[in-house]
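After the structure tokens below, expect a handful of questions from me.
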Amino acid sequence: MRRILITSALPYINGVKHLGNLVGSMLPADVYARFQRSLGHDTLFVCATDEHGTPAELAALEAGQEVATYCAEQHEIQKRLGEGFGFSWDWFGRSSSEENRTLTQEFARALWRNGYLEVRTTRQVYSHADKRFLPDRYVIGTCPHCGYERARGDQCENCTRVLDPTDLISPRSALSGSAEIEIRDSAHLFLRQSAFVSRLREWIDTHALDWSPLVLSIARKWLDEGLQDRGITRDLQWGVPVPEDIAEGKLSGKVFYVWFDAPIEYIGATHEWANASSNRRWKDWWFGAAAQDVRYVQFMGKDNVPFHTVGFPVTIMGSEQPWKLADQIKGFNWLNYYGGKFSTSAKRGVFMDAALEILPADYWRYYLMANAPEGADSNFTWEHFASVVNKDLADVLGNFVNRILKFTHARFDGRVPDEGVYGADEHAVAEELSVRVNQYTNYLEAMEFRKATAELRAIWVAGNEYLTKAAPWTHIKHDRARAAAAVRMGLNLVHIFAHYAWPFIPNAARIIHNAIQPSPEVIPWPDGDMGQALNQLEPGLKVTVPEVLFSKIGDEQIEAWKARFGGE
RNA sequence: GGCAGCGUAGCUCAGUGGUAGAGCAGGGGAAUCAUAAUCCCUUGGUCGGGGGUUCAAAUCCCUCCGCUGCUACCA
């Protein structure tokens, strides 16, 4: 049995995620995890909330809560929404967990021992009014190059020049607006990424043929431009504390930077998963010989690619311990909303909670994966969404299921008929489907989700074509046996459609499956022989007609949602 | 500014050297089991502009135009 380890980029704790966040990480990871389980492989799919850092502290402040309380609440919200979308996590952890704290500190100790961490003194902006150090972007002032008055300390939005907060003229806090700030020297740990350029390049080159151009080009760009050492600690309260035994306690009271501990939480979440039950061995998925046969696949948006091709691998390589590196990194572009970005502050676009409020998860899952931003950024519009949902889900799939089941009830007492034998039409559809299913399986294996959904749709279309050709409603008038064979085939088609659709639309797939017969927890992938797969239902089996599977989206709804969600 | 990606039918996209494709939308027809759902046929593109390499270019090279993203302390 193959073993597959799947992680998706960790959603940041700060607020509900939008559809663009979903489609690039958690959703494709879930589809892939379901597919691998369906094939019968030993699959572990973990995710977590990424909880540390300044934005979390500030969001808690704004909510008037302790940051730990805030994170605990937000974690529950994100967990519930993820479950609402049908994410089949084996574990949804927290980067603030005990397990991750221990692991993060252990990684840091190993890096320190191996000489890959060094202490450097940096100049940090401290705000008296806010009683805290400010990250560069939270310092604003006048740009020394162009005179723009609201330049951020990391970069001037007006002239796009990269800045240092100490460059700014009349700097002030972006939080309080206070100019009572000072530059303080502060010691920080730097990860010597520069020492790993050749090892990283070697690793990346071994994947020159199996990683996408998007991922490879981002990874190589960072190496080509000269990898800089990176500060991995911050002057904050909320985070994994730097242990006292590193650098003789010089970093006492500081925490690790969120981008250091967040990817380690992939391992941490696995540890949490194991701690939640006996007989689970977390290290067998990650470490040494026991994890040798594990294939590790990561899903993420393109913004996260550098951290997974450079930052996290350096942490692992620098530990000089046999932790697992990713075998496959699947990166996605952005999903836009009417040509612009999804925006929390502008209330523009659709967020997970609102999405589930207006339509069931499967509608979103199917549409988003069918239009996943794989090759380029893609675009969400309500018009397109409605046309895809109405045509593919309601008309092509939903109506197919409905028409054959209703006919079975009208003419065959709601049972799988036992009369008649399969003829040329039945053999033809079995043959077509064996080709298409093979393609579909290959696309999923290759994580080409747009092509996979197009093929899945073509499989449903083949069912409609067959039924039109076999026309049991015509034959029933003079040749009941022939009509019976067609109905039997139709029901078998419904049955396997439920199986193949399960990774994308798990809820609808289960309803369809249950209309024929009770479904197992994991709906298995029918194996190769299509002739057999399409002749497996026992004659006499009672089938039921489910409620309408997918209702159509009307023009009034499109207009209402455009108004509500800020589409033009 | 640098780097990367994109520009193919009205729309969303596939196609990376060998006679331009799919889905949707549009037009015509068949069928009447079904959520007026399905099936068949079909209209439609000088593949962003220009130049070059080649027997052959959407595909390779150069150049121009347009759009988007990234640019290291927002994640």
Side-chain angles (χ1 to χ4, degrees), chain A residues 9-15 17 21 50 52-56 58 122 124-125 133-139 152-155 159-162 164-165 193 213-214 216-218 220-222 224-228 230-231 234 257-259 262 301-307 310-311 333-334 336 339-341 370-371 373-379 381 383-384 387-388 390-411 448 450-451 453-454 457-458 461 463-474 476 483 486-487 490 545 547-552:
Chain A
L10 307 186
Y12 195 67
I13 192 69
N14 183 6
K17 302 300 116 181
N21 297 126
D50 174 12
H52 294 136
T54 308
L58 296 179
T122 61
Q124 300 291 327
V125 177
F133 282 95
L134 298 174
D136 293 0
R137 65 168 308 210
Y138 289 104
V139 184
R152 295 193 331 206
D154 54 347
Q155 185 178 27
C159 68
T160 74
R161 254 185 269 231
V162 176
D164 188 281
Q193 299 193 129
L214 176 73
L216 287 169
S217 72
I218 294 173
R220 286 177 168 149
K221 191 195 85 176
W222 278 56
D224 293 343
E225 289 182 358
L227 200 54
Q228 292 176 24
R230 188 177 185 113
R234 294 290 182 274
Y257 175 42
V258 58
W259 268 113
K302 59 184 171 186
D303 53 331
N304 266 319
V305 170
F307 300 104
V310 174
N333 290 283
W334 304 129
N336 290 318
K341 285 188 173 188
N371 298 284
E374 288 179 303
D377 293 352
S378 65
N379 198 30
T381 65
E383 291 83 354
H384 192 228
S387 93
V388 168
N390 291 350
K391 190 68 189 176
D392 293 7
L393 294 181
D395 295 349
V396 176
L397 174 63
N399 180 58
F400 175 78
V401 171
N402 190 252
R403 67 196 291 213
I404 187 66
L405 283 169
K406 279 206 170 151
F407 189 76
T408 304
H409 273 267
R411 299 294 191 159
E448 294 196 56
R450 274 176 179 265
K451 289 179 179 172
T453 47
R457 186 200 131 90
V461 167
N464 280 306
E465 287 173 19
Y466 163 76
L467 207 56
T468 300
K469 214 178 293 175
W473 48 86
T474 302
I476 191 74
V487 168
V545 184
E547 293 297 296
V548 166
L549 284 165
F550 299 98
S551 44
K552 296 210 203 189

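Throughout, protein chains are lettered first and strands after them, A, B, ... in sequence-line order, and every chain is numbered starting at 1.
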Q. A:Lys391 side chain N/O closer than 4.0 Å to the phosphate oxygens (OP1, OP2) of B:U38?
A.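 Affirmative; the distance criterion is met.
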Q.
Taking the P atom in each of B:C41 and B:G23, what is the distance between them to the nearest angstrom?
A.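 Roughly 10 Å separates the two P atoms.
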Q | Base paired to B:A72 (Watson-Crick or G-U; both N/O distances under 3.5 angstrom) | A | none
Q: Just call it for A:Lys469: base, sugar-phosphate, or nothing, with non-hydrogen atoms closer than 4.0 Å on any strand.
A: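 Here A:Lys469 touches no strand at all.
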Q. Which one, B:A75, B:C39, B:U12, comes nearest to the side chain of A:Asp50?
A.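 Out of B:A75, B:C39, B:U12, the nucleotide with an atom closest to A:Asp50's side chain is B:A75.
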**Q.** CZ/A:Arg411: more than 12 non-hydrogen atoms of other groups inside 6.0 Å
**A.**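 Counting other residues, nucleotides and ligands, CZ of A:Arg411 stays at 12 neighbours or fewer.
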Q) Contact class for A:Ile404 (heavy atom, under 4.0 Å): base, sugar-phosphate, or nothing? A)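 The answer is nothing, as A:Ile404 stays clear of every strand by at least 4.0 Å.
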(Q) So A:Gln228, base contact, sugar-phosphate only, or nothing? Heavy-atom distance under 4.0 Å. (A)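 The residue A:Gln228 makes base contact.
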Q) If you pin A:Lys17 and A:Gly398 to their nearest nucleotides in RNA chain B, which one's is more 5'? A) A:Gly398
**Q.** Who pairs with B:U12 - Watson-Crick or G-U, where each distance is under 3.5 Å
**A.**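 Pairing partner: B:A22.
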Q) Is the ring of A:Trp473 stacked on the base of B:C33, with centres less than 5.5 Å apart and planes under 30° off? A)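 Whether judged by distance or by angle, A:Trp473 passes, so it stacks on the base of B:C33.
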Q: Can you tell me, in whole Å, how much space there is between the C1' of B:G17 and that of B:C60?
A: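 The same atom, C1', in both gives a distance of 8 Å.
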Q | C1'-based separation of B:U59 from B:G2 [nearest Å] | A |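 One C1' to the other, the span is 27 Å.
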(Q) Going by purine N1 to pyrimidine N3 plus the second Watson-Crick contact, or the G-U wobble pair, all under 3.5 Å, which nucleotide sits opposite B:G66? (A)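 Answer to the pairing question: B:C6, which forms a Watson-Crick or G-U pair with B:G66.
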Q: Give the minimum heavy-atom separation between A:Lys17 and A:Pro11, together with the two atoms involved.
A: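 Closest heavy-atom pair between A:Lys17 and A:Pro11: CG-CB, 3.9 Å.
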Q: Please state the P separation for the pair B:A57 and B:A14 - nearest whole angstrom.
A: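 Here B:A57 and B:A14 have their P atoms 24 Å from each other.
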Q.
For a quick test of reading the model: is some side-chain N or O of A:Lys302 closer than 4.0 Å to OP1 or OP2 of B:C70?
A.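 So the side-chain polar atoms of A:Lys302 never come under 4.0 Å of the phosphate oxygens OP1 or OP2 of B:C70.
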Q | Residue whose closest nucleotide on RNA chain B lies nearer the 5' end, A:Asp392 versus A:Asn333 | A | A:Asn333
Q) With a 4.0 Å cut-off on heavy atoms, is A:Ser378 in touch with a base, just the backbone sugar-phosphate, or nothing at all? A) sugar-phosphate
Q: Check whether any side-chain nitrogen or oxygen of A:Tyr257 sits under 4.0 Å from OP1 or OP2 of B:A75, and answer yes or no.
A: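 A:Tyr257 to B:A75 OP1/OP2: side-chain N or O found under 4.0 Å.
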Q. Within the structure shown, what part of the strands sits under 4.0 Å from A:Val401 by heavy-atom distance: base, sugar-phosphate, or nothing?
A. nothing
(Q) With a 3.5 Å distance limit and no angle check, can you tell me whether A:Tyr466 reaches the backbone of A:Val461 through a side-chain donor-acceptor pair? (A)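 Between the backbone of A:Val461 and the side chain of A:Tyr466 there is no qualifying donor-acceptor contact (under 3.5 Å).
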Q: For A:Gln124, report the nucleic acid contact type (base, sugar-phosphate, nothing); a contact means any heavy atom under 4.0 Å.
A: base
Q | Opposite nucleotide pairing with B:C60, Watson-Crick or G-U, both atom distances under 3.5 Å | A | B:G52
Q) What does A:Val487 touch in the nucleic acid at a heavy-atom separation under 4.0 angstrom: a base, only the sugar-phosphate, or nothing? A)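 Nothing, no heavy atom under 4.0 Å.
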Q | Interatomic distance at C1', B:C13 relative to B:A58, whole Å | A | 14 Å
**Q.** Phosphate-side-chain proximity, A:Arg450 and B:U12, N/O vs OP1/OP2 below 4.0 Å
**A.** no
(Q) Does the plane of the ring in A:Phe307 sit parallel, tilted or perpendicular to the ring in A:Trp259? Use 30° and 60° as the thresholds. (A)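 Parallel: the ring planes of A:Phe307 and A:Trp259 meet at under 30°.
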Q: Would you kindly check whether a donor in the side chain of A:Asn399 faces an acceptor in the base of B:A34, or vice versa, at under 3.5 angstrom?
A: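 Yes, the side chain and the base share a sub-3.5 Å donor-acceptor pair.
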Q: Please confirm whether the backbone N or O of A:Ala56 pairs with a side-chain atom of A:Tyr12, one donor and one acceptor, at under 3.5 Å?
A: yes
